[in-house]
Amino acid sequence: MLTIVAFSFLVAAQSLPVKQTLNYESIFNFGDSLSDTGNFLISTDVNSPSIGRPPYGQTFFNRSTGRCSDGRLIIDFIAEANGLPYVIPYLQSVRTNSSVDFSKGANFAVAGATANDLNFLKVRGLPVPLLTNKTLDVQLDWFKKLKPSLCKTKPDCDQYFKKSLFFVGEIGGNDYNYPLLAIRSYKHAIDLVPSVTNKIINVASALIEEGAVTLVVPGNLPIGCSAVLLERFSDDNRSLYDQRNHCYKPLNNIAKLHNAKLQEGLVTLRQKYTHAKIIYADYYGSAMQFFNSPSKYGFTGSVLKACCGGEDGRYNAKPNVKCGGKGSTTCENPSTYANWDGIHLTEAAYRHIATGLISGRFTKPSLSNGSLISKF
């Protein structure tokens, strides 16, 4: 009985918003499915996508919202930490065919988005069936179109954007995922790293030119701990797996290379724009906490096996069974799992990553804008 009560209390606590420790007045987000709050679903790039149906959204929203998880994402917890509403998907204005108040920010991220465009990938011989053409450049164009409705003159824009927080990513994961999943090619993925990181840096630079002052540029997650990639690269050679967490080392090396190149680019960007606060968000390090010590963070179910998917296979992430599709099952308590659908993480995992960012432990420099002291 005590165990049931304790678990119920833990679940209730995890559903609460994070405490407000920051005070940015608006958030503008660019990226892919790790932070898309509805654009892909609204876009109808794919008819009846699984993310538009249960069990997506079941944990917090009690309905599917277009988020690729059972509940909230990192960007949702960042909004809560600022006392702001959840960031509205930009395409919401298209769906409603009416004006939407974006004064508190806008989300341009689209599930499936890549940093580079389709032609760039095709000329490199990659058979890439892109889910969407809403690349990082397209998202930047959306912001430029929205900007005149946010502020009219340069002084007004300077005043407005100095209180805004810009998230440029995470993005680039799909650039790597497509060749990794389609043809199991490390070389193609690694060869893409310079172009992906350069694109992120260039878009961050363009946003600063448009008036952004505080930017968060996240690195890649440890993709070697992704259930769908673990299933795809399943290997009997145990030396390829990290003994501590059983993640696939060659895949994590791609993420490490991406993150190292991205940070090199940010150094140059800081030198060019000395007035801007350019923050690196270490998604990799924050996530590795629970991959290395699952039980410490409440993941008593699994951190590597997907909560939602087909029951066959070592990681519950066979490509022929999609979460929410025919033949899929969902674990009883998603909060005890880190992997949600094989590609994306659970709300519980995202909450831990976000907490690491908000506390300042996994951001360089800190996210804090000085007015409130972090309580984490």
Side-chain angles (χ1 to χ4, degrees), residues 27-32 34-35 74-75 78 108-110 113-117 119-121 124 126 134-141 143-144 161 164-180 186-224 251-288 353 356-357 360-367:
I27 298 173
F28 296 92
N29 182 72
F30 304 78
D32 55 26
L34 295 189
S35 59
I74 294 169
I75 196 67
I78 297 296
F108 305 99
V110 184
T114 51
N116 293 302
D117 63 31
N119 288 334
F120 179 91
L121 298 172
R124 281 152 181 79
L126 297 177
K134 313 299 191 300
T135 64
L136 196 50
D137 281 334
V138 171
Q139 295 174 33
L140 175 62
D141 286 341
F143 170 74
K144 291 178 179 179
F161 288 129
S164 302
L165 183 63
F166 285 76
F167 261 75
V168 189
E170 186 274 339
I171 194 162
N174 288 321
D175 295 68
Y176 308 133
N177 282 342
Y178 286 126
L180 289 172
Y186 294 110
K187 184 180 186 306
H188 281 90
I190 289 172
D191 287 348
L192 287 171
V193 170
S195 63
V196 169
T197 54
N198 286 341
K199 175 63 69 175
I200 295 169
I201 295 299
N202 289 341
V203 169
S205 176
L207 287 169
I208 295 172
E209 294 289 346
E210 291 291 330
V213 177
T214 304
L215 300 90
V216 178
V217 185
N220 208 336
L221 287 166
I223 61 175
L251 291 172
N252 275 347
N253 287 339
I254 297 173
K256 288 178 180 178
L257 177 62
H258 169 96
N259 295 342
K261 292 293 184 184
L262 184 62
Q263 290 181 81
E264 288 176 8
L266 294 181
V267 169
T268 302
L269 206 60
R270 292 184 186 109
Q271 293 170 346
K272 182 177 180 180
Y273 300 105
T274 56
H275 71 286
K277 183 176 182 179
I278 302 168
I279 303 165
Y280 174 70
D282 183 9
Y283 280 17
Y284 189 103
S286 194
M288 265 303 173
I353 296 172
L357 307 184
R361 284 178 288 134
F362 292 94
T363 52
K364 302 175 186 178
S366 170
L367 260 174

Review point. Phe166 vs Phe30 aromatic rings, parallel, tilted or perpendicular, using cut-offs 30° and 60°?
Key: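 Correct class here is parallel.
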Minimum heavy-atom separation for [X] and [Y], please, with both atom names.
X: Lys364; Y: Arg270; value: O-NH2, 3.3 Å
X: His258; Y: Val193; value: CA-CG1, 3.8 Å
X: Ile171; Y: Asp32; value: CA-OD2, 3.7 Å
X: Leu262; Y: Gly219; value: CD2-CA, 4.0 Å
X: Pro194; Y: Asp191; value: CD-O, 3.5 Å
X: Phe161; Y: Gly211; value: CB-O, 3.3 Å

Side-chain contact, heavy-atom cut-off 4.5 Å: [X] with [Y]?
X: Ser195; Y: Phe120; answer: yes
X: Asn29; Y: Leu165; answer: no
X: Val216; Y: Leu357; answer: no
X: Leu221; Y: Leu34; answer: yes
X: Tyr186; Y: Leu251; answer: yes
X: Gln271; Y: Val267; answer: yes
X: Phe362; Y: Met288; answer: no
X: Tyr176; Y: Asn220; answer: yes

Within this structure, what is the [atom1]-[atom2] distance for the pair [X] and [Y], rounded to the nearest 0.5 Å?
X: Arg124; Y: Asn119; atom1: CZ; atom2: CG; value: 10.5 Å
X: Leu121; Y: Tyr178; atom1: CG; atom2: OH; value: 9.0 Å
X: Gln263; Y: Asp282; atom1: CD; atom2: CG; value: 7.0 Å
X: Ile208; Y: Tyr273; atom1: CD1; atom2: OH; value: 6.0 Å
X: Asn116; Y: Asn174; atom1: CG; atom2: CG; value: 11.5 Å
X: Ile201; Y: Leu269; atom1: CD1; atom2: CG; value: 5.5 Å

Exercise for review: Answer yes or no: is there a donor N or O on one side and an acceptor on the other, between the side chain of Ser286 and the main chain of Ile353, under 3.5 Å?
Suggested key: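 Looks like yes, one N/O pair under 3.5 Å.
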Practice item. Kindly say whether Gly31 contributes a backbone atom to a donor-acceptor pair with the side chain of Glu170 at under 3.5 angstrom? Key: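 Judged by distance alone, no pair lies under 3.5 Å.
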Check your understanding: In a check of side chain to side chain donor-acceptor pair (under 3.5 Å) between Lys199 and each of Asp137, Asp117, Asp175, which one passes?
Key ->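 Only one of Asp137, Asp117, Asp175 forms a side chain to side chain donor-acceptor pair (under 3.5 Å) with Lys199, namely Asp137.
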Point to revise | Audit row: Asn259, Tyr283, side chain to side chain contact (heavy atoms under 4.5 Å, CB included) steps and yes/no | key: CA-CA 9 Å; Asn259 295 342; Tyr283 280 17; over 6 Å; no
Point to revise | Verdict with reasoning, Val138 to Val110, per side chain to side chain contact (heavy atoms under 4.5 Å, CB included) | key: CA-CA 10 Å; Val138 171; Val110 184; over 6 Å; no
Point to revise | Residue among Val196, Val203, Asn198, Asn202 satisfying side-chain contact (heavy atoms from CB on, under 4.5 Å) with Ile200 | key: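 Per the side-chain contact (heavy atoms from CB on, under 4.5 Å) rule, the option paired with Ile200 is Val196, out of Val196, Val203, Asn198, Asn202.
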Check your understanding: NZ of Lys277: more than 12 outside heavy atoms within 6.0 angstrom?
Key ->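 It does: Lys277 NZ has more than 12 such atoms within range.
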